[in-house]
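Heads up: the structure comes next, in C-alpha cells.
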Number of protein chains: 2
Amino acid sequence: MALTRRQQEILDRLRRREDAGAPAPTLDELCGLLGLRSRGSLHKHIQALVAAGLVEPLHGQHRGVRLVAQPAREPAPEPAHEDLLPLLGTIAAGRPIEAIAEPEQIAVPSHLRSDRPCYVLQIAGDSLCEAGILDGDYVVIEQRDHARNGEIVVALIRGEDVTLKRILQESGRVLLYPENSAMQAMEYHPDEVLIQGVLVGQMRRYR
Amino acid sequence: MALTRRQQEILDRLRRREDAGAPAPTLDELCGLLGLRSRGSLHKHIQALVAAGLVEPLHGQHRGVRLVAQPAREPAPEPAHEDLLPLLGTIAAGRPIEAIAEPEQIAVPSHLRSDRPCYVLQIAGDSLCEAGILDGDYVVIEQRDHARNGEIVVALIRGEDVTLKRILQESGRVLLYPENSAMQAMEYHPDEVLIQGVLVGQMRRYR
DNA sequence: GCTAGTGGAGAACAAATAGAGAACCGTTCG
DNA sequence: CGAACGGTTCTCTATTTGTTCTCCACTAGC
C-alpha cells in the first residue's frame, strides 16, 4: 500500500531515530518533532503505518512508537545511488537553462528531495538572493507541471526564457515575484507561463 | 516482551554500570541514581525486567540487582554510513546551542562537508538572512578551533553565548559580523572568542 | 459548484504507567 | 536480643499515553 507524503515523512523520522539509537518516542514527542500540536492527528498517521505493517501495533500500551523488526532491509546494496540526481545545468534569471553537455550526477540527501522525479540546477546570478538562494547554489527541482500559490517554480515564459520565481496564480493572470526588491513582479497570461518544476530543496557549499 | 520506557531506562543504566565495572547496586542505590524515593516503585520495574528474562531473579537475597549473562550483545553492526552526520541541535544568534535530547542523524552529501569531523546544526532566527541562511536551514559545521578571516564560524563568546557569524581577526581584536545590516558588528578581545567550528555547507528544504 | 482524500486542531476518555509511603519479613551483626 | 539493612508486598494517587471523536482547512478532480 502506498504511503501518503506525511506518512512517509513520519516513517523516515522513526527510522532515523532508531538508527541513532534513540528510544521509542511517545506520540507527544513525535508531535513535537514534526511540528504538530494534536496527538489525535498524529495517531491517524501512525494507524496507517501500523496497517501497512511498518510500525508495531500499540494496543493502548504506553510503549512508544516502534518500528517492526525489519526482516532484512536489503533492497539497498548501493544506497549511495539512491541519492544521485542529474545536474542538468545552470539557471539564470531571464535566460534559458544552460544545459551541461555531459549530464553530471550530484548527491542529494533524500530529505531535500521529494518522492517524485527530481533534478538539480545550479544558480547563476542574484535574482533570488532575498529568498536565501545565492549565486552558485544548487537547487533541487521536482518535475511537475503545476504548482501551488507561493511555491517557487521553474517557469518557461512564452517558450523562451526560464526563470526561478515565486508564483501567484489568479483567475486570468499569473504573477511571478522575484525575491529581489530591486526587481518588479511580472504579470502574464496563464497561457504564457509553463511550469517545469517546483523548488523542493537547496544546497550550498562554502570553501 | 516489549519494555516500557522506564524499564528500558533502568536496564540501560544497569548495563552501563556493569560495563563500567561497578558492583551490583541495591534497590536503594538505584533509587538514588534514578531520582526515585520509593524502593517499592523501583521493585515493580525490576520485577518486570526479571519477567522479561533480562535481570537475575533476586529471591529475597541481598545480592543486589544483576543482569543475566547476555547471550551475545552484538557490539556494533553499524556500517557507519559515510553520509550520516549528527544533528546536534539548533543555534540562534546570541543563545547557547539548544541541544537535542536524543541525538539524531542527518544525511549530508559528501560535497557539502569536509574531510574532517563535521556536525550539523539547525538555524533558528534570521540573523544570517543576508548571507542566504534562513530560519530552519541546516548548516554543516567542520569541527575546528581556528578560522581564516572571512569564514563563517560557530563562536563561543565569553563562555556564554554561541553565534554563527563571519569572523575577522586582527592583531589585538576580533570582529564578528552578523550578515544583517540592522545589526552591529561586535568587537571582542581574542581571549573572549572561542571558535568551535567553521561553516562548510548548508541545506534547506522547501515544502 | 460538489465531493473525496489528506492533514490538522482540540476535547474528552480509559487504561497503562509511575511514584509515594507504609508495613512486613528474613538476614546479618553488634 | 534487637537494631540495621535490603528485598517484598500492599494501597493509594497522579500523570502520561493511546484512543476516539468532532470540526475545520486545503487540494485535486469532476
Side-chain angles (χ1 to χ4, degrees), chain A residues 1-14 22-52 55-67 114-116 142 144-151 153 167-171 190 195 198 200, chain B residues 1-14 23-52 55-67 101 206-207:
Chain A
M1 194 189 89
L3 298 182
T4 68
R5 181 162 292 232
R6 201 57 162 143
Q7 286 159 18
Q8 187 65 52
E9 186 185 345
I10 293 171
L11 182 61
D12 287 346
R13 198 117 207 168
L14 288 171
T26 68
L27 292 184
D28 270 334
E29 284 169 2
L30 258 187
C31 275
L33 291 174
L34 293 161
L36 295 182
R37 240 173 288 185
S38 160
R39 252 177 304 159
S41 309
L42 176 60
H43 185 256
K44 259 190 298 184
H45 292 130
I46 300 294
Q47 286 297 339
L49 292 175
V50 170
V55 163
E56 284 188 17
L58 306 171
H59 293 142
Q61 309 194 63
H62 297 188
R63 261 136 220 213
V65 181
R66 298 163 191 257
L67 296 166
S114 66
D115 304 328
R116 308 206 200 179
E142 176 182 321
R144 178 132 64 85
D145 62 2
H146 57 280
R148 287 182 281 184
N149 284 337
E151 288 183 323
V153 302
I167 196 168
L168 179 63
Q169 298 155 104
E170 299 178 350
S171 61
I195 296 173
V198 174
V200 294
Chain B
M1 192 191 93
L3 300 181
T4 69
R5 258 176 293 281
R6 201 58 164 141
Q7 287 159 18
Q8 187 67 54
E9 186 187 342
I10 293 170
L11 181 61
D12 288 346
R13 200 121 207 167
L14 288 170
T26 68
L27 291 185
D28 273 333
E29 284 169 5
L30 259 187
C31 275
L33 290 174
L34 294 161
L36 294 182
R37 241 175 288 183
S38 160
R39 253 178 303 160
S41 309
L42 175 59
H43 186 257
K44 259 190 300 185
H45 291 132
I46 301 293
Q47 286 297 336
L49 292 175
V50 170
V55 164
E56 284 187 18
L58 308 171
H59 293 141
Q61 306 173 79
H62 294 199
R63 333 175 44 243
V65 181
R66 294 165 191 265
L67 296 167
Y206 291 84
R207 81 192 95 156

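Numbered from 1 within each chain, the chains take letters A, B, ... in sequence-line order. What you are looking at is a predicted structure, and each value in this text was computed from that prediction instead of being measured.
Atom CG of B:Leu33 sits about 10.5 Å away from atom CD1 of B:Ile10, to the nearest 0.5 Å. If you take NE2 on A:His62 and CG on A:Leu27, they are separated by 9.5 Å, rounding to the nearest 0.5 Å. Atom CG of A:Leu11 is separated from atom CZ of A:Arg6 by 13.0 Å, given to the nearest 0.5 angstrom. Atoms CZ and CG, on A:Arg66 and A:Leu58 in that order, are 9.5 Å from each other to the nearest 0.5 Å.
The salt bridge (charged side-chain N to carboxylate O under 4.0 Å, His left out) search around B:Arg13 returns none, not counting sequence neighbours.
Summary of the strand contacts: B:Glu29 and A:Pro57 both lie near DNA chain D, and taking for each the nucleotide with the nearest heavy atom, the more 5' one is attributed to B:Glu29.
For the pairing with A:His43, the side chain to side chain donor-acceptor pair (under 3.5 Å) check across A:Arg39, A:His45, A:Gln47 returns one residue only, A:Gln47.
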(request) Take nucleotides 17-30 of chain C nucleotide by nucleotide from the 5' end and write B, S or -, depending on whether a protein heavy atom sits under 4.0 Å from the base, only from the sugar-phosphate, or from neither. (result) SBBBB----B----

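Taking atom CG of residue A:Asp28 and atom C1' of nucleotide C:dA9, one finds them 14 Å apart after rounding to whole Å. The CG-P distance, from A:Leu27 to C:dG10, rounds to 16 Å in whole Å. Atoms CG (A:Leu49) and P (C:dG7) sit 11 Å apart, rounded to a whole Å.
With a cutoff of under 4.0 Å to any heavy atom of chain B, the contacted region of DNA chain D is bounded 5' to 3' by D:dC5 to D:dT17.
Of all heavy-atom pairs spanning A:Leu67 and A:Glu56, the tightest one is O-OE2, 3.7 Å.
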(request) Go through A:Glu29 and B:Arg5 one step at a time and tell me if the salt bridge (charged side-chain N to carboxylate O under 4.0 Å, His left out) criterion holds. (result) CA-CA 13 Å; A:Glu29 284 169 2; B:Arg5 258 176 293 281; 5.4 Å; no

